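Just so we're clear, the structure is a prediction, and the values are computed from it rather than from any experiment. Lettering follows sequence order; numbering is per chain, from 1.
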2 protein chains.
Amino acid sequence: MSFTYEFPRPSVTIDAVVFGVNQELELELLLIKRRDDPFKDCWALPGGFVNVADTVPQGESLEAAAYRELREETGIKVDYLEQLYTFGEPGRDPRGRIISVAYFALVRSKDHTAIGGDDAKEAAWMSFKALPKLAFDHHKIISMALERLRSKIRYQPIGLNLLPEKFTISQLRKLYEAILGYKINHGNFRRQILPKNRPNFIKPVRTLREKSNRTGPPAQIYFFDKLLYENAVAKGFDFKLNCRKISQ
Amino acid sequence: MSFTYEFPRPSVTIDAVVFGVNQELELELLLIKRRDDPFKDCWALPGGFVNVADTVPQGESLEAAAYRELREETGIKVDYLEQLYTFGEPGRDPRGRIISVAYFALVRSKDHTAIGGDDAKEAAWMSFKALPKLAFDHHKIISMALERLRSKIRYQPIGLNLLPEKFTISQLRKLYEAILGYKINHGNFRRQILPKNRPNFIKPVRTLREKSNRTGPPAQIYFFDKLLYENAVAKGFDFKLNCRKISQ
DNA sequence: ACAAAAGTGTTTAGTGTACACCCATGT
DNA sequence: ACATGGGTGTACACTAAACACTTTTGT
């Protein structure tokens, strides 16, 4: 079967930049190994062609395509994908004119096992600090995604989706340090994230402290009260975290 | 001539959201009246199909398409277009599956005369406060652009591109009020925009004051020292303006 | 005389940063 | 005994918001 149009048309694909955090609070990235040319056997972002049609219902939405490709190529289902940017430079794909809409997501990597499928020979969580060479312009896409992630954690409590349900403040801080790429003063971070005179959504689990398999006193365990947070947001509250500056 | 593909492909278009500011410091939007169906004679954002090809050089970039369509349909050349978002919901265009990449820009409207051309029967600056009904999902695109504009003026001195080269602080404040949609305390705005203990790029024109055709003392005229600003940015300075809260 | 707008000052509360300290724990 | 890290206190500089005041103009 073939499809004929009066004017040339591009192909449209999606790419998914899925950040994960492992149990050591390190940043990871979900990648696949390509089964086919071009860039056969090269690591790349999961992604693929958007299903479209000119007749109603005109195929799937861009977002739906992103969820589908992610599931097909890596077996992973995420709750939320956010549109990042559209990459459409001529020459970015040797097969022809391909325009790609990039999406990004954040998950706990241990909750999402990566299983290669479909066009992906393999799928895996890779340490963000040691990424392999990637296909196409995927390095560019990833660096834009990291930039977005860094600015997002300052005004949305997305970091809290990445930790286990219960966590210590140190763990949360380590996550922020992993994303931002620098050390944060622990005392000040604490006060910022547990404000006394503003709405606070990080609540201590009264009876629980960290079972201390390390030096130092056992840390208080906290949880993120999502309901409280969402109510406050509805009332006009906006989360903000200042962790701009480094301190030794 | 026709083009045949193995799989169905969408059309890709661009839409340009061009904000303007008129000499009364009011916000305007550049619109065209459509010459052809669908939505013939309806007002819409300037935009159109991206020229593509599967053989090198594979056609024009998305951004280039945006500049070209803007020039063809409205006669306007802008210095800088920023990608806003990609709209690709099935059903957004009755002609078939059309994915549109939206760009946005900011200009002084008096420097850019709108002249209808090509697919545009007319092109005109319209008051942002009284927009007509628009074609397709263009209202949605515009509201997303306004949101972006509102957040951008807080951390980039883009407002200064929209005023005449020389301006008073009151004019600048009125522009901010027009974009943000609320009144700002004049004294506090002044101090924010003319900080004493931080780099300041808004310099008084020593010899000039407003020729006062209104009540009140003649205001000092300022200009934006772009060079100084860009040097400071290169050194890590980042512009920020707090005009969040209203005050009567 | 009055209203309107420019420009400036002051007060207050709050914020971010640096840094120091104590304490509980494992080794 | 010591290092490590949790948790807290505090001092300092700076900021934004509110609002009051003076001055200068047009009417």
task: Check whether any side-chain heavy atom of A/L27 sits under 4.5 Å from a side-chain heavy atom of A/L162, and report yes or no.
output: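 They are not in contact (no side-chain heavy atoms under 4.5 Å apart), so the answer is no.
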field: Contact check, side chains of B/L45 and B/F104, non-hydrogen atoms, under 4.5 Å
entry: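 Not touching, per the 4.5 Å side-chain cut-off.
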Between [options], spot the one nearest the side chain of [X], thanks.
X: A/R191; options: D/dG9, D/dC19, D/dG7; answer: D/dG9
X: B/N188; options: D/dA17, D/dG7, D/dT15; answer: D/dA17
X: A/T215; options: C/dA18, D/dA3, D/dG6; answer: D/dA3
X: B/P218; options: C/dC19, D/dT24, C/dA5; answer: D/dT24

Has [X] got a side-chain N or O lying under 4.0 Å from the OP1 or OP2 atom of [N]?
X: B/R190; N: C/dT8; result: yes
X: A/N185; N: C/dT17; result: no
X: B/Q220; N: C/dG7; result: no

message: Determine whether a donor-acceptor pair (N or O, by modelled atom type, separation under 3.5 Å) exists between the side chain of B/T74 and the backbone of B/R71.
response: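 Such a contact is absent between B/T74 side chain and B/R71 backbone.
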message: A/W125 and side chain to side chain contact (heavy atoms under 4.5 Å, CB included): which single residue from A/L29, A/V21, A/V18, A/N22 fits?
response: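 The side chain to side chain contact (heavy atoms under 4.5 Å, CB included) with A/W125 is passed solely by A/V18 among A/L29, A/V21, A/V18, A/N22.
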- request: Select from B/K196 and B/Q171 the residue whose nearest nucleotide in DNA chain C is closer to the 5' end of that strand.
  value: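 Looking at DNA chain C, the more 5' nearest nucleotide goes with B/Q171.
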task: Scan A/F167, A/F239, A/Y229 and name whichever one has a ring pair (Phe, Tyr, Trp, His ring centres under 6.0 Å) with A/F224.
output: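 So the option named by the test is A/Y229.
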Rounded to whole angstrom units, what separation is found between the [atom1] atom of [X] and the [atom2] atom of [N]?
X: B/N242; N: C/dG16; atom1: CG; atom2: P; value: 11 Å
X: B/K240; N: D/dT15; atom1: NZ; atom2: P; value: 10 Å
X: A/Q192; N: C/dA18; atom1: CD; atom2: C1'; value: 13 Å
X: B/N197; N: D/dC12; atom1: CG; atom2: P; value: 19 Å
X: A/L194; N: C/dG16; atom1: CG; atom2: P; value: 14 Å
X: A/F189; N: D/dG5; atom1: CZ; atom2: C1'; value: 15 Å
X: A/R198; N: C/dG14; atom1: CZ; atom2: C1'; value: 9 Å
X: A/L241; N: C/dT15; atom1: CG; atom2: C1'; value: 13 Å

message: Quick check: any donor-acceptor pair below 3.5 Å linking the side-chain of A/H186 to the base of D/dG7?
response: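 Check passes, donor-acceptor contact within cut-off.
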